[in-house]
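One structure is given below, encoded as structure tokens.
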Amino acid sequence: MARRRPRLRVLVSAGPTRERVDPVRFLSNDSSGRMGFALAEAAARAGHDVVLVAGPVALATPKGVRRIDVESAREMLGALRAEWRAADALFMAAAVADWRPARVLAGKWRAKDGGARRARIDLVRNPDVLATLTRGRRDPRRTVVAFALETGDGERRARAKLRKKGADWIVLNGPGALNADTTRLVVLGASGVRIAIPERSKRAAARDLVALLRHGDVLAAS
Ligand code: CTP
């Protein structure tokens, strides 16, 4: 009889976060959530138990995936923190906003008739969700995959993020991946290994990334 592979408890974050300015406005970014949703789908198809923590996106929940919707970075941290305790792996694909308005206006921000030509929004730093979860350290019992969107030569910066955030792998993509169907990736491992994944659909790339959970040790040693 074929031996069943152990199911892993896989946590995935996806999409942008929204940081409220007032009841009808927010700061956010162009993330569509597609890479994270593709990862959740690929992980579920590979037989894992998947929890998907999603920022505001217009995507259907993949089959067999438990989804938790959040809006802001702080809500995302709260949801991930609760789920991370029981998880074996994390794909941190969400595009978390680094800043949020220092205050959220209770009523609508009005232009008024004073003739002002400038206004400003004071921003404060959001928590680094991933570094908070890992406390900046790798845990040999679990696999953490971070993502980095870099312009220009981002590999050096991505390596620094890999260390700072306590991740085992960091997946590097260019700004062309935002809101696109396909992506070209470079995956950097904490061991120093570098894997290039040529341009392919996000669904196909997601299958390759999910394979890191089972074959990552072999790849890192090769
Ligand atoms: N990330 C996070 N919390 C944040 C910002 C980013 O958890 N407040 C995570 C992202 O989900 C991603 C990784 O950290 O997995 C790298 O994100 P990126 O935006 O590239 O890095 P930053 O830490 O925001 O650094 P910078 O803005 O300087 O590029």
Side-chain angles (χ1 to χ4, degrees), residues 10-20 26-40 43 51-57 68-85 87 89-102 123-139 142-180 183-190 197 202 205-206 209-210 212-213 216:
V10 178
L11 188 54
V12 180
S13 73
T17 65
R18 268 183 196 171
E19 310 299 330
R20 286 266 150 215
F26 51 81
L27 302 177
S28 191
N29 59 63
D30 277 332
S31 168
S32 65
R34 263 182 271 184
M35 191 67 225
F37 274 60
L39 282 162
V51 178
L52 172 63
V53 176
V57 293
I68 302 169
D69 286 319
V70 297
E71 187 171 281
S72 67
R74 287 185 298 173
E75 281 173 30
M76 183 165 278
L77 175 58
L80 287 172
R81 210 179 223 157
E83 297 295 329
W84 181 228
R85 290 187 200 111
L90 168 65
F91 287 98
M92 187 68 203
V96 183
D98 287 320
W99 302 92
R100 68 175 183 276
L123 302 175
V124 292
R125 256 332 250 274
N126 264 333
D128 185 318
V129 174
L130 184 52
T132 307
L133 292 176
T134 62
R135 297 202 192 93
R137 283 192 301 271
R138 287 173 66 202
D139 175 346
R142 319 205 260 189
T143 306
V144 171
V145 183
F147 288 74
L149 184 88
E150 302 288 354
T151 48
D153 171 26
E155 288 198 25
R156 200 177 37 82
R157 278 194 298 273
R159 281 222 171 274
K161 284 181 193 173
L162 176 71
R163 278 190 297 275
K164 193 178 94 189
K165 303 195 183 218
D168 301 285
W169 302 94
I170 192 156
V171 179
L172 182 63
N173 48 33
L178 270 182
N179 232 328
T183 186
R184 218 179 61 215
L185 305 174
V186 172
V187 186
L188 305 173
I197 301 181
K202 287 186 175 174
L209 295 177
V210 167
L212 286 175
L213 302 182

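In listed order, ligands and their atoms are each counted from 1.
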Contact between ligand 1 and A94 is defined here as a heavy atom of the residue under 4.0 Å from a ligand atom; is it met? yes
Ligand 1 contacted by A131 (non-hydrogen, < 4.0 Å): no
May I ask you to check if ligand 1 and [X] share an N or O to N or O distance below 3.5 Å?
X	answer
P127	yes
L130	yes
N126	no
V129	yes
A93	no
K164	no

Short list, please: which atoms of ligand 1 are under 4.0 Å from a heavy atom of [X]?
X	answer
D98	4 (C), 5 (C), 8 (N), 24 (O), 27 (O)
A146	15 (O)
L149	20 (O)

Relative to ligand 1, is I170 under 4.0 angstrom through side chain, backbone, both or neither, heavy atoms considered? neither
Pick one of side chain, backbone, both or neither for how A73 approaches ligand 1, counting any non-hydrogen atom pair under 4.0 Å. neither
Given M76, K161, R157, which one has a non-hydrogen atom that is nearest to atom 29 (O) of ligand 1? K161
Taking atom [atom1] as the centre, does [X] end up with more than 12 heavy-atom neighbours from other residues, nucleotides or ligands that are less than 6.0 angstrom away?
X	atom1	result
R125	CZ	yes
R184	CZ	no
R74	CZ	no

Any protein heavy atom lying closer than 4.0 Å to atom 17 (O) of ligand 1? yes
Which protein non-hydrogen atom lies closest to [atom], naming both residue and atom, and how far is it?
atom	result
atom 15 (O) of ligand 1	M92 O, 2.8 Å
atom 6 (C) of ligand 1	K165 NZ, 3.5 Å
atom 13 (C) of ligand 1	F147 O, 3.1 Å

Any heavy-atom pair between the side chains of [Y] and [X] that's under 4.5 Å?
X	Y	answer
F37	V57	yes
F26	E19	no
W84	L11	yes

Between T183 and K202 (side chain of the first, backbone of the second, donor and acceptor by atom type, cut-off under 3.5 Å), is there such a pair? no
Begin with the C-alpha distance, continue with both residues' side-chain angles, and end with the deciding distance and a verdict on salt bridge (charged side-chain N to carboxylate O under 4.0 Å, His left out) for R18 and E75. CA-CA 10 Å; R18 268 183 196 171; E75 281 173 30; over 6 Å; no
Separation between CG (D69) and CG (L52), nearest 0.5 Å, reads 8.0 Å
Hey, could you give me the OG/CG distance between S13 and L39, rounded to the nearest 0.5 Å? 9.5 Å
For the side-chain contact (heavy atoms from CB on, under 4.5 Å) test, which of L130, T143, V145, D168 pairs with L90? L130
